[in-house]
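First the structure, in the form of structure tokens, and then the observations on it.
Here the structure is a predicted model, which means the values were calculated and not measured. These values consider heavy atoms only, across backbone and side chains, with no hydrogens, waters or symmetry-generated copies.
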Amino acid sequence: QVQLVESGGGLVQAGGSPSVSCAASGRTRDSYAMGWFRQAPGKEREFVACISWFGGRTSYSNAVKGRFTISRDNAKNTVSLQMNNLLPEDTAVYYCAAGRYGVCTNDFASWGQGTQVTVRS
């Protein structure tokens, strides 16, 4: 099992470019994809982005494609999400997740506690 702790976020202005990060511990010798999800008030959790173990493959939801960038540093066991041109609808709790496999699938085994991102218009 991988333990995940998110950091960053907070209250930002629309159009801002904050980032959120996630530090992993535990099963760090294994190869696993990492993902970001978010959940807005009153809505279901939704996929945001995913990056494969070696970082060569990424995927994004249509809502953030072109604005958000996911990256990882396996030496530091971290994954980050750079968010550009934030919109009020990006307001949500952002969660990082560790996949069961080295490539991005729908199967995520471990979740962080989440970090709030609030976009003020």
- Message: If you apply the rule side chain to side chain contact (heavy atoms under 4.5 Å, CB included), what do you find for W36 with V20, and how did you get there?
- Response: CA-CA 10 Å; W36 284 98; V20 289; 3.6 Å; yes
- Is a side-chain donor or acceptor of N74 paired with a backbone partner of F54 at a separation under 3.5 angstrom? no
- Item | Pairs where residues 39-92 contributes a residue and the test disulfide bond (SG atoms under 2.5 Å apart) is met, not counting sequence neighbours | C50-C104
- All pairs passing salt bridge (Lys or Arg N to Asp or Glu O under 4.0 Å) where residues 79-90 contributes a residue, at least two apart: R38-D90, R67-D90
- Would you list the pairs meeting salt bridge (Lys or Arg N to Asp or Glu O under 4.0 Å) in which at least one residue belongs to residues 6-24, sequence neighbours left out? none
- Is the backbone N or O of G8 less than 3.5 Å from a side-chain atom of T115, with the two atoms forming a donor-acceptor pair by type? yes
- Please list, chain by chain and in numerical order, all residues satisfying side chain to side chain donor-acceptor pair (under 3.5 Å) with D107, sequence neighbours excluded. R100
- Which pairs pass salt bridge (Lys or Arg N to Asp or Glu O under 4.0 Å) with one or both residues in residues 7-24, sequence neighbours excluded? none
- Partner set under side chain to side chain donor-acceptor pair (under 3.5 Å) for Q13, not counting sequence neighbours: R120
- Message: Which Ile, Leu, Val, Met, Phe, Trp or Tyr residues join W111 in one cluster when any pair of side-chain heavy atoms under 4.5 Å counts as a link?
- Response: F37, F47, V93, Y95, F108
- Quick one: does I51's side chain get under 4.5 Å of Y60's, heavy atoms only? no
- Task: Please name all residues satisfying side chain to side chain donor-acceptor pair (under 3.5 Å) with Q82, sequence neighbours left out, ordered by chain then number.
- Result: N84
- Query: Which heavy-atom pair separates P88 from A14 by the least distance, and what is that distance?
  - Reply: CD-CB, 4.4 Å
- Item | Pairs satisfying salt bridge (Lys or Arg N to Asp or Glu O under 4.0 Å), at least one member in residues 49-66, at least two apart | none
- Query: Does S21 have any side chain to side chain donor-acceptor pair (under 3.5 Å) partners at least two apart in sequence or in another chain, and if so, which?
  - Reply: S80
- Message: Test your reading of the model: is there a side-chain donor-acceptor pair from T91 to the backbone of V119, 3.5 Å cut-off?
- Response: yes
- Query: Of all residues at least two apart in sequence or in a different chain, which pass the side chain to side chain contact (heavy atoms under 4.5 Å, CB included) check with A98?
  - Reply: V2, L4, Y32, M34, S110
- Of the non-hydrogen atoms in Q39 and K43, which two are nearest, and what is the gap between them? NE2-O, 3.0 Å
